[in-house]
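To start, the structure under review is shown below, and the notes come after it.
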Amino acid sequence: MTQETAAVATDVVRPGKSLVVAIDGPSGSGKSSVSKEVARRLRLAYLDTGAMYRALTWYCLHAGTDLADGQAVEDAAEVLDLDISTSAGEEYVRVGGVDITDAIREPSISAAVSAVATNLGARTELIRRQRALIDKHHRRMVVEGRDITTVVAPNAEVRMLLTASEEARLRRRGLQLGGTQNAEQLAAQVTARDAKDSTVVNFTRAADGVVTLDSSDLDFEQTVDAALGIVRRVVEHAPFTRD
Ligand code: DC
């Protein structure tokens with residue numbers, strides 16, 4: 001299926017009922033692009049929780065907050081004036097009205113974000129906000145991150161772990177950054193960051209009831225199709241209690 005036909009091939013699943021699709025996985029697994037396309041195809045809202053950790057990091061750096069000061073980072077999370085898109089069709093992140101959509105993707109943020117993402121107080125606050133956004137969308141949302149299947153939405157109707165070999169992940173992140181990074185910089189952004197992050201959340205092995213989707217040998221369309229297949233299979237076979 002071409003990208004163009006994929007964009008129009010939508011399908012409403014469980015109309016009028018909750019459908020949270022929780023997708024976790026490491027950097028470079030294709031999580032964001034696949035999650036967004038799954039949301040578009042199923043006409044669900046979409047939340048990139050990693051962008052929330054990046055926004056908080058941008059805010060702390062901008063405000064001169066010492067990232068090593070755990071209490072200061074936690075306090076920053078509580079006052080963060082964050083406005084983030086919940087639509088796959090539109091990408092924006094604003095803090096205090098300032099558009100930081102592009103700024104949060106800068107290598108300086110990628111290098112600093114683990115210090116914020118490993119702050120348990122800050123996590124508690126961002127998790128609270130993530131759950132509120134899911135509820136605001138009547139629990140019809142694709143939510144991607146590292147702890148969605150296990151902590152943020154362990155009762156999601158569909159829970160999947162999107163993985164890929166380290167080689168595939170480094171290659172994809174390199175392409176994403178337009179070949180601007182050398183092998184060492186890439187490894188720092190992908191492998192080293194995941195190692196730091198996995199000290200607070202385990203996103204390398206699927207928890208009970210979480211379906212693993214390995215995209216190492218799949219292209220984008222094949223991965224989207226496989227993810228949609230998992231959604232349909234789970235929805236067709238699961239006895240939901242919240243119906
Ligand atoms: O997916 P990403 O690279 O944009 O994530 C940014 C950082 O936030 C990364 O260090 C992992 C962390 N993160 C997290 O700890 N929990 C989440 N739910 C999402 C991201």
Side-chain angles (χ1 to χ4, degrees), residues 20-36 39 46-61 67 70 73-74 76-77 80 82 84-86 88 91-93 95 100-134 141-154 156 159-164 166 169-170 172-177 181 185-204 206-207 210 215:
V20 176
V21 180
I23 305 184
D24 285 330
S27 313
S29 58
K31 202 164 23 101
S32 286
S33 47
V34 169
S35 300
K36 241 184 251 173
Y46 163 76
L47 181 63
D48 172 1
T49 62
M52 297 174 73
Y53 288 94
R54 288 173 179 270
L56 177 57
T57 306
W58 179 92
Y59 174 66
C60 288
L61 294 179
L67 298 185
V73 173
E74 184 177 337
L80 183 72
L82 175 67
I84 183 167
S85 168
T86 47
E91 183 180 352
Y92 66 79
V93 184
V95 164
I100 55 166
T101 313
D102 295 331
I104 61 166
R105 305 292 163 193
E106 294 285 328
S108 59
I109 300 293
S110 300
V113 67
S114 287
V116 168
T118 51
N119 179 302
L120 297 183
R123 294 195 75 83
T124 300
E125 172 58 16
L126 293 190
I127 290 166
R128 185 190 67 74
R129 294 183 189 217
Q130 290 154 15
R131 289 179 177 151
L133 286 169
I134 296 170
M141 188 181 245
V142 176
V143 191
E144 58 130 323
R146 303 292 193 286
D147 59 347
I148 314 305
T149 60
T150 50
V151 179
V152 176
R159 295 152 75 215
M160 80 179 88
L161 182 71
L162 186 57
T163 59
E166 184 167 316
R169 297 192 293 115
L170 287 170
R172 285 178 193 158
R173 192 40 67 94
L175 285 174
Q176 226 174 42
L177 294 171
Q181 312 281 294
Q185 287 167 319
L186 273 180
Q189 286 190 33
V190 177
T191 324
R193 185 150 59 89
D194 282 344
K196 263 189 240 162
D197 293 337
S198 63
T199 59
V200 285
V201 273
N202 183 355
F203 52 84
T204 49
V210 176
S215 69

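The first residue of the sequence shown is numbered 1, and numbering continues consecutively from there. As the structure lists them, so they are numbered: ligands from 1, and atoms in each ligand from 1.
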- Query: From Gln130 CD over to Asp48 CG, what is the distance, rounded to the nearest 0.5 angstrom?
  - Reply: 10.0 Å

- Close side-chain approach of Ile134 and Val152, heavy atoms under 4.5 Å: yes

- Query: Hey, is ligand 1 close enough to Glu144 that some N/O pair sits below 3.5 Å?
  - Reply: no

- Check the side chains of Ser110 and Arg105 for a donor-acceptor pair under 3.5 angstrom, ignoring hydrogens and angles. no

- Message: Please determine whether any non-hydrogen atom of Gln130 lies less than 4.0 Å from an atom of ligand 1.
- Response: no

- If you measure every N/O of Arg146 against every N/O of ligand 1, is any gap under 3.5 Å? yes

- Message: Is it the case that the side chains of Ser215 and Arg172 hold a donor-acceptor pair, with the cut-off being a distance below 3.5 Å and no angle test?
- Response: yes

- So, do Val210 and Asp24 sit near enough that their side-chain heavy atoms are less than 4.5 Å apart? no

- Do me a favour and list the nearest non-hydrogen protein atom to atom 12 (C) of ligand 1 with residue, atom name and distance? Ala117 CB, 3.7 Å

- Does any N or O atom in Tyr53 lie less than 3.5 angstrom from one in ligand 1, N or O only? no

- Give the residue, atom name and distance (to 0.1 Å) of the protein heavy atom nearest atom 19 (C) of ligand 1. Thr49 OG1, 3.4 Å

- Message: Distance under 4.0 Å to a non-hydrogen atom of Arg123: what atoms of ligand 1 satisfy this?
- Response: 14 (C), 15 (O), 16 (N)

- Note on the structure: Rounding to 0.5 Å, atoms CZ (Arg159) and CD1 (Ile148) come to a distance of 11.5 Å

- Heavy atoms only: which of Val116, Leu126, Val113, Ile148 is nearest to atom 7 (C) of ligand 1? Val113

- Note on the structure: For Arg54, the atoms of ligand 1 under 4.0 Å from one of its heavy atoms are 2 (P), 3 (O), 4 (O), 6 (C)

- Task: Would you check whether Lys31 reaches within less than 4.0 Å of ligand 1, judged by its heavy atoms?
- Result: yes

- Item | Residue and atom name of the nearest protein heavy atom (relative to atom 10 (O) of ligand 1), distance in Å to one decimal | Asp197 OD2, 2.5 Å

- Considering only heavy atoms from C-beta outward, does the side chain of Arg129 approach that of Leu82 to under 4.5 Å? yes

- Message: With side chain to side chain contact (heavy atoms under 4.5 Å, CB included) as the criterion, how do Thr49 and Leu126 come out once you've worked through the C-alpha distance, each side chain's angles and the decisive distance to 0.1 Å?
- Response: CA-CA 8 Å; Thr49 62; Leu126 293 190; over 6 Å; no

- For atom 20 (C) of ligand 1, closest protein heavy-atom neighbour: Gly50 CA, 3.5 Å

